[in-house]
Amino acid sequence: MFGAQGKAVHQCDRGWAPVFLDREQSISLMSVGFLLEKPDEAVVWRGPKKNALIKQFVSDVAWGELDYLVVDTPPGTSDEHMAAIEALRAYQPLGALVVTTPQAVSVGDVRRELTFCRKTGLRVMGVVENMSGFTCPHCTECTSVFSRGGGEELARLAGVPFLGSVPLDPELMRSLEEGHDFIREFPGSPTFTALISIAQKILDVTPACLP
């Protein structure tokens, strides 16, 4: 999504130097994908090795001064999620952003994610409903392909903020797959409006950490 394929992680005097996306080093990344010899190589590791790497990504990467550290995790309540929370606990993480799709099966899974956050003492910043309708690339009309409103109902029942809905947008999908900047290239898209609104709500409740 960031067009960072083929980038390499290097050692520095403070540990691993992350991959920077621009000369200003305003966005930096760290991923196990950068450590693989072949991009299609599968990562077949047992829990202890994966958990140790997660801790390394937090403590042994020379992140420098950050406004925000975003940890993207797959769905679930696995050992990896516990390892990430434990590694970050000393830094007082701001909270979790929970994403669901409108279907009942997805909402049910994410409901368990909310329970996981409560049990681990992780604040839930809010819920986002992804794939909420389909935006026509010609007329920008949004049609509900799946059911609608599951994320908002989940947030209401859980007593957490509902941050907004993001529709399926062919231009967004293309931008993600080709590494383009959707925000700059499609400012007139309804999806742009949705993403900016959600981002602003998150920033309003999570001020950047001071160095």
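Since we're looking at a predicted model, the values are computed, not measured.
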Closest non-hydrogen atom pair between P167 and S165, with its separation = CD-O, 3.9 Å

Give the intermediate values and the outcome of side-chain contact (heavy atoms from CB on, under 4.5 Å) for residues L154 and F162.
-> CA-CA 9 Å; L154 174 64; F162 178 67; over 6 Å; no

Side chain to side chain donor-acceptor pair (under 3.5 Å) between S189 and D169, worked out = CA-CA 9 Å; S189 167; D169 188 329; 2.9 Å; yes

Provide the closest heavy-atom pair for P18 versus M30 in the form atom of the first, atom of the second, distance.
-> CA-CE, 4.0 Å

Walk me through it: do F2 and D181 pass the test side-chain contact (heavy atoms from CB on, under 4.5 Å)?
-> CA-CA 9 Å; F2 286 101; D181 190 335; over 6 Å; no

Mind checking the CZ-CZ spacing from R118 to R123? Nearest 0.5 Å is all I need.
-> 15.0 Å

What one should report as the nearest heavy-atom pair of G151 and T100 is CA-CG2, 3.7 Å

With the side chain counted from C-beta on, respond yes when P93 and L122 share a heavy-atom pair under 4.5 Å apart, and no when they do not.
-> yes

Would you please say whether a donor-acceptor pair under 3.5 Å links the side chains of E129 and S132?
-> yes

Closest heavy-atom pair, F186 versus F192, reported as atoms and distance to 0.1 Å, is O-CB, 3.4 Å

Is the NZ atom of K7 crowded by more than 12 outside heavy atoms at less than 6.0 Å?
-> no

Taking it one step at a time, do I54 and V71 satisfy side-chain contact (heavy atoms from CB on, under 4.5 Å)?
-> CA-CA 10 Å; I54 291 170; V71 181; over 6 Å; no

For residues V110 and V99, report the shortest heavy-atom separation together with the two atoms involved.
-> CG2-O, 3.5 Å

Does R174 come within less than 4.0 Å of E177, counting only side-chain N to carboxylate O?
-> no

Is W63 reachable from V70 through a run of hydrophobic residues whose side-chain heavy atoms are each under 4.5 Å from the next?
-> no

Approximate separation, where rounding is to 0.5 Å, of I198 CD1 and N130 CG | 8.5 Å

Side-chain donor or acceptor of H180 paired with backbone N/O of L172 under 3.5 Å | no

Does any non-hydrogen side-chain atom of I27 lie less than 4.5 Å from one of F20?
-> no

Under 6.0 Å from the CD atom of Q11, do we count more than 12 heavy atoms belonging to anything else shown?
-> yes

Name all pairs fulfilling the side chain to side chain donor-acceptor pair (under 3.5 Å) condition that reach into residues 14-31, sequence neighbours left out, sorted by first residue then second.
-> D22-S26

Would you check if V98 and V128 make a side-chain contact, meaning some heavy-atom pair closer than 4.5 Å?
-> no

Considering all heavy atoms of both residues, which atom of L114 and which atom of A158 are nearest to each other, and what is their separation?
-> CD1-CB, 3.6 Å

E80 side, atom CD; I85 side, atom CD1 - distance, nearest 0.5 Å = 12.0 Å

How long is the span from the CD atom in E113 to the CG atom in D109, to the nearest 0.5 Å?
-> 8.0 Å

Any donor-acceptor N/O pair, T120 side chain to F116 backbone, under 3.5 Å | yes

Verify same cluster id: L21, F57 (apolar side-chain graph, 4.5 Å) | yes

For residues L29 and F34, determine if any side-chain heavy atom of one lies less than 4.5 Å from a side-chain heavy atom of the other.
-> yes

Let me see the working for L97 and L163 under side-chain contact (heavy atoms from CB on, under 4.5 Å), right down to the final yes or no.
-> CA-CA 9 Å; L97 176 64; L163 300 178; 3.3 Å; yes

Side-chain touch I202/Y68, heavy atoms, less than 4.5 angstrom | no

Indicate if Y91 and L66 have the same hydrophobic cluster label, given that clusters are the connected sets of ILVMFWY residues with side-chain heavy-atom separations under 4.5 angstrom.
-> yes

S175 (side chain) donor-acceptor with E171 (main chain) under 3.5 angstrom = yes

Which distance, rounded to the nearest 0.5 Å, do you find between the CZ of R112 and the SG of C117?
-> 13.5 Å

Approximate separation, where rounding is to 0.5 Å, of T191 OG1 and I183 CD1 | 9.5 Å

Say whether V166 and M125 are linked into one hydrophobic cluster, either directly or through other cluster members, by side-chain heavy-atom distances under 4.5 angstrom.
-> yes

Verify the cluster assignment for V124 and M82: are they in a single hydrophobic cluster under the rule of side-chain heavy atoms below 4.5 Å apart?
-> no

